[in-house]
Each structure stands twice: as structure tokens, then as C-alpha cells.
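Let me begin by presenting the structure, written as C-alpha cells, before commenting on it.
Counting convention: from 1, in listed order, for ligands and their atoms alike.
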Amino acid sequence: MCGIVGYIGNDDAKEILLTGLEKLEYRGYDSAGVAVRSKDNTDLFKVKGRIATLREAVDSNVTATTGIGHTRWATHGQPNQTNAHPHQSTTGRFTLVHNGVVENFQELKDEYLSDVNFVSETDTEVIVQLMERFEKDTNDTLEAFRRTIELLHGSYALAVLDHDAEDTVYVAKNKSPLLVGLGDNFNVVASDSMAMLQVTDQFVELMDEEVVLVTKDHVKIQKLNGEEVTREPFTAEIDASDIEKGTYPHFMLKEIDEQPFVMRKIIQEYQDENDQIKLDQDVRQAMADCDRVYIIAAGTSYHAGLIGKEFLEKIAQVPTEVHIASEFSYNMPLLSEKPLFVFISQSGETADLRSVLVEVNRLGHPALTMTNVPGSTLSRESNYTLHLHAGPEIAVASTKAYTAQMAVLVILAVDTARAKGLTLDFDPLKELAIVGNAMEALCDQKDQLEKIAQEYLQTTRNCFFIGRGLDYFVGLEGALKLKEISYIQAEGFAGGELKHGTIALIEEGTPVIALATQEHVSSSIRSNVSEVVARGANACIISPEDLYKEGDAFTFSDVHPLLTPLASVVTLQLISYYAALHRDCDVDKPRNLAKSVTVE
Ligand code: M6R
């Protein structure tokens with residue numbers, strides 16, 4: 001979604017900002033812009049489209065050592081050049097970039113700015129116009145900034161330049177993430193540390209209801225009442241090479257291939273010196289204390305949650321519910337007496353989850369976040385965190401984070417079972433090592449999966465995924481993967497549900513991808529396949545070696561039956577990847593989508 005960068009120092013601001021914006025491209029955006037402040041002017045460059053286009057638009061003769069930049073994912077107003085950020089106040093004195101949504105922008109316009117001629121259709125412009133209005137009233141930029149943010153309802157991360165003031169970037173946030181990065185004789189602002197790893201790995205987290213003044217050699221954090229705040233920086237532990245594609249054509253393919261290593265990393269991180277599970281004692285206690293787990297997640301992470309419920313109930317005998325975050329926010333079910341909330345989120349920034357977490361915290365229930373980004377908002381605001389250790393995931397389509405989520409969930413389930421004294425014939429760390437090997441073998445069979453994508457999906461309009469039990473949940477994920485990157489209308493169904501309606505959609509040549517990895521339902525799912533084939537479907541059965549039957553399109557090495565989702569999904573990820581590739585889709589940056597969804 002939207003991204004913010006800012007720089008104040010002695011070097012060429014525009015280059016640092018453009019490089020920073022390139023690092024944020026993976027988040028998804030539709031327009032971009034930068035503003036750089038030189039002695040005489042604050043120059044604005046904005047385009048609809050990619051950062052490459054912005055680069056061409058930026059005047060290379062402009063020299064400036066202070067600036068702000070933005071990638072926009074439209075919420076209010078068309079994705080066009082006018083609505084792109086930065087926005088300027090009427091006189092051009094104030095220039096601003098904003099992530100988030102100002103919910104009361106119309107009320108603010110009506111009450112304070114009825115005489116102002118607005119240029120854009122955005123909610124954002126109201127903020128910069130308020131700054132100008134209040135500066136006129138007070139002759140004090142900081143006071144104008146404070147007054148402005150006190151009036152805003154909704155979510156925001158802001159960086160503002162004042163052309164008339166000495167070099168300062170004014171910064172504030174509410175709900176949306178924002179960091180200040182520290183350097184020698186320069187400082188930076190970023191909505192994601194990845195954007196500024198090029199210049200620093202030292203970052204200071206900002207909190208809601210703070211105003212922050214960033215100069216080239218100082219960062220001053222104040223609460224809204226003026227009280228000063230000191231906060232230690234943290235080191236962003238991301239290897240800059242992790243966020244490069246290397247020799248891969250796409251991040252998605254690189255991330256699919258990384259899954260065996262992620263399995264090994266998770267084993268290493270969750271194993272103690274006696275080869276037993278190593279888990280935070282507080283998390284163990286929270287699991288022991290609860291009478292029901294409520295998993296809250298969205299998209300792919302929700303699909304991991306569905307598998308997690310199976311693990312927690314079958315292995316640890318903990319009653320578990322899985323909820324789509326955006327539904328739970330508005331329709332909370334009756335809760336048990338001792339609930340434990342488990343938020344599953346790759347990014348740790350998803351706004352739909354955060355609004356549930358705010359409510360859960362208000363009610364005083366314990367919350368555990370499973371995330372790939374330990375310093376993220378959800379992680380900070382939960383009682384406990386379990387790290388996914390998948391490494392930065394850049395492609396919009398989530399792959400390695402999903403398998404990491406399932407791996408950590410199975411470790412949590414087994415640990416809980418053991419803490420309860422349940423006898424288990426299951427060592428998750430050993431089984432995950434087998435999964436890692438199976439994934440590796442699978443990734444070596446790309447040619448075969450590319451052929452399947454071509455044969456079944458090259459020209460189709462739609463596609464169905466079917467399965468039973470765990471396979472049904474993997475089918476949902478396969479369908480999401482395919483639709484988001486190839487734009488094929490794809491749906492996942494429980495095999496037994498087809499004849500209750502969906503089978504009406506099957507016609508000559510309709511691709512149906514069936515997962516047959518569960519022995520106890522193997523013959524039923526194969527019967528469902530026969531039913532669709534009898535109606536003309538082009539069926540593609542995927543099975544593990546021990547359940548293979550002649551005619552199956554693809555088979556993968558055996559893994560523990562409970563862990564087949566971790567292997568079978570890799571086939572679906574690769575099939576989706578090649579389907580998108582052969583349909584000339586932008587694999588890593590699918591249309592309309594954002595990597596981390598920071599608006600509700
Ligand atoms: O960062 P999160 O795991 O909270 O994100 C949730 C979804 O937005 C995400 O999984 C989305 O569905 C992916 N694009 C799917 O590939």
C-alpha cells in the first residue's frame with residue numbers, strides 16, 4: 001500500500017528518495033511522487049504509474065538535500081497525477097505525504113476550509129491546507145502541526161516540509177507505521193525500514209500521539225502535550241541482499257524456491273540444544289491457560305489459520321475458531337471464558353487485524369501475534385510474538401510466509417500437547433525437515449509444473465480447486481494464488497459440496513485441480529473428480545507418492561499426512577506462477593493489490 005520516505009542531510013535527496021521508493025515498490029501502488037526543498041523552491045514531481053516513470057520526470061538539475069517521497073495506493077480519488085502525493089498547500093509553503101485514511105476529511109473541510117480551492121480529490125489535501133490555515137493563525141509551524149493532527153480521525157503517517165522554516169521534516173503517525181532512521185549528519189523517515197536500509201540500519205519507532213521534528217543531526221520526539229520522549233534506536237536485522245531478486249526473474253519464484261531453507265531456519269530457531277522444541281515460556285503458559293483459541297487473519301494467512309485449527313484441535317486438543325479479521329471486527333461472536341487470540345500476519349501491519357487487536361486489548365484478553373516482522377505494529381501491541389523466520393517476502397503473492405505460518409503453528413500445537421502431557425508419536429522438527437526435502441524435490445520439477453500450467457490454464461476463463469479436509473483448505477489457497485496473479489476466476493471448494501450447486505458451472509474443458517493427499521478421503525475425492533470429468537472437466541489430480549494412482553498429473557514425495565499442505569501448496573504456487581507468466585501478467589505486482597493492506 002502507500003509508502004513514505006524522507007531525507008534530510010547533505011547528500012542528493014532526490015536520489016536517496018527515488019531509491020527508497022523503489023524498495024517500497026513491492027507493496028503495490030498506482031502513482032508516486034517526490035518533493036525536494038532547495039533554497040528557492042520546493043519542487044514537486046508526480047506521476048501516475050511506476051517509479052521508473054517518476055525517475056524520468058524528476059529534473060536531474062535540481063539540487064536539494066531535503067525531501068519527501070510517496071507511493072500511493074488510491075483510496076480517495078482516481079489514481080492519477082493530481083491525486084498523487086506529495087500535496088501542497090495553496091501558497092506552496094507546506095508540502096506533505098500521507099499514508100492512511102482521514103475519516104473526517106469532509107467535516108474538516110466544511111468547518112475550517114470552506115474558502116479553500118482544493119486541487120485534488122484526496123482526503124490528504126485537507127491536512128496540508130489545515131497546516132497552512134493554522135500557521136496563519138499562530139505564526140508557529142509546530143503549533144499548526146500539532147493542532148492539525150489533533151483534529152484528524154482515522155489512520156495516518158505523515159511527513160511535512162515547511163518551505164519557510166529552517167530544514168526540518170515534521171512527522172507524526174496514528175495506527176499507520178512510521179520510522180525515523182538515524183545516520184551521521186543525516187536522518188531519514190520511512191514507513192518501512194527496507195526503504196532506507198541503503199543508508200542506515202538504525203531506526204527509532206514512532207508511537208501514536210507523538211509529534212516528531214527531524215533535522216539532519218537531531219530527532220526530537222514530543223507527546224502532544226509537549227512532553228519530550230527519549231527512545232533508543234533498534235537495528236533492523238534485514239540483510240539488504242534478501243530484498244534483491246538476484247538471478248531470479250521474479251521475487252515470487254525466488255520466494256517459492258526459498259521454502260526448503262525457511263523450513264530449516266524454523267527448525268533451527270525453534271529447537272533447543274537437546275533437540276526439543278524451544279518456545280517462549282510465556283507463550284507456553286498462555287496456551288496452557290486458555291480454554292479456546294481464536295485465530296484472526298486475512299487472505300493467505302487466514303488459510304494458514306484454517307490449517308492451524310486442525311493442528312491445534314487434532315494434536316493439542318485445544319478448541320479453536322478461525323475468523324476473517326474484517327468480519328470479526330464488526331461481528332464478534334460469543335467468547336469463551338478464557339480466550340487466547342492468535343493474530344496471524346506476514347506483515348504484522350494489516351489494518352483489519354489491528355482493529356480486532358485494539359478491541360481485544362481493550363477487553364483485556366491475551367493476544368499472540370505470529371508474524372514475519374517482529375517489530376511490526378501487531379507484534380508490538382500483542383502480549384506475545386512468534387517469529388516466522390521466513391525472511392523478507394517481497395512478491396505480493398504470499399508463498400514462503402504461508403508455509404512458515406503452518407510450520408510454526410504445528411510446532412505450537414505439539415508444544416502445547418506435550419505441555420498438557422498428551423502422548424504423541426510425532427516430532428514436528430523431524431517432520432518439518434522431511435517437508436523441507438520434499439519441497440526441494442518439488443522445486444526441481446518446475447518443468448513439469450510449467451507444462452501443467454500451460455495445458456490447463458493457458459487460455460481458460462475459470463478454474464476450480466477441490467479437496468477434502470486439509471486439502472480443501474489448501475485448495476482455497478491455491479485458488480487465491482491463481483486469481484490474484486493470473487486474473488483467472490478461480491475458486492476452491494470442498495469436494496463434497498460440488499454437487500450442491502457448483503457442479504452446474506462445469507462444462508467441456510473446465511480445469512479442475514484436485515488434491516488427493518489424505519488417505520481417509522482419497523476415494524471420496526477421486527469420486528468427486530469422476531463426477532466432474534463425466535461432465536467434461538479437464539481434471540488435474542495432485543497426490544503424494546503413497547496415494548498415487550495412474551493418470552494423476554503430478555505426484556510429490558511423501559511427508560507426514562498432517563503436513564501435506566506444506567508440500568502440496570508448493571505445486572499450486574508454481575502452477576499459479578507459470579499460469580501468470582504465460583498469460584503475460586505482472587507476477588510480482590498484480591493489479592489493484594498491495595503487499596500489506598494498511599487500510600480497513
Ligand atoms: O500481511 P498479512 O499476512 O496480514 O496479509 C494478509 C493478506 O493481505 C495477504 O495474505 C494476501 O491475501 C496475499 N496477497 C495473498 O497472497
query = Does the pair Lys48/Asp30 count as a salt bridge with the N-to-O cut at 4.0 Å?
reply = no

Within 4.0 Å of some non-hydrogen atom of Glu484, the atoms of ligand 1 are 13 (C), 14 (N), 15 (C), 16 (O)

query: Hey, are Glu205 and Arg380 close enough for a salt bridge, meaning a charged N less than 4.0 Å from a carboxylate O?
result: yes

So for atom CD, which belongs to Gln268, do other residues, nucleotides or ligands contribute more than 12 heavy atoms lying within a distance under 6.0 Å? yes

If we number the atoms of ligand 1 from 1 as shown, the ones under 4.0 Å from a heavy atom of Ser345 are 1 (O), 2 (P), 3 (O), 4 (O)

From the list Glu210, Met207, Lys173, side chain to side chain contact (heavy atoms under 4.5 Å, CB included) partner of Leu178 resolves to Lys173

Note: Glu349, heavy atoms under 4.0 Å from ligand 1, region reported as neither

Of Thr350, Leu353, Thr399, the residue with the heavy atom nearest atom 5 (O) of ligand 1 is Thr350

If we number the atoms of ligand 1 from 1 as shown, the ones under 4.0 Å from a heavy atom of Lys481 are 15 (C), 16 (O)

Quick note on ligand 1: atoms under 4.0 Å from a heavy atom of Gln346 include exactly 1 (O), 2 (P), 3 (O)

Taking only non-hydrogen atoms of Ser301 and a 4.0 Å limit, the atoms of ligand 1 in range are 2 (P), 3 (O), 10 (O)

Numbered in order shown, the ligand 1 atoms found under 4.0 Å of a heavy atom of Ala397 are 16 (O)

message: Is it true that Asn99 and His70 share a donor-acceptor pair across their side chains at a distance under 3.5 Å?
response: yes

Looking at Thr369, Ile485, Thr300, Asp352, the heavy atom closest to atom 11 (C) of ligand 1 belongs to Thr300

Backbone or side chain, does any N or O of Val396 fall under 3.5 Å from an N or O of ligand 1? yes

Check your understanding: So, Thr300 and Glu477: side-chain donor and acceptor under 3.5 Å apart, yes or no?
Key -> yes

(message) Can you tell whether the side chains of Glu255 and Lys245 come within less than 4.0 Å, N to carboxylate O?
(response) no

Does any N or O atom in Gln405 lie less than 3.5 angstrom from one in ligand 1, N or O only? no

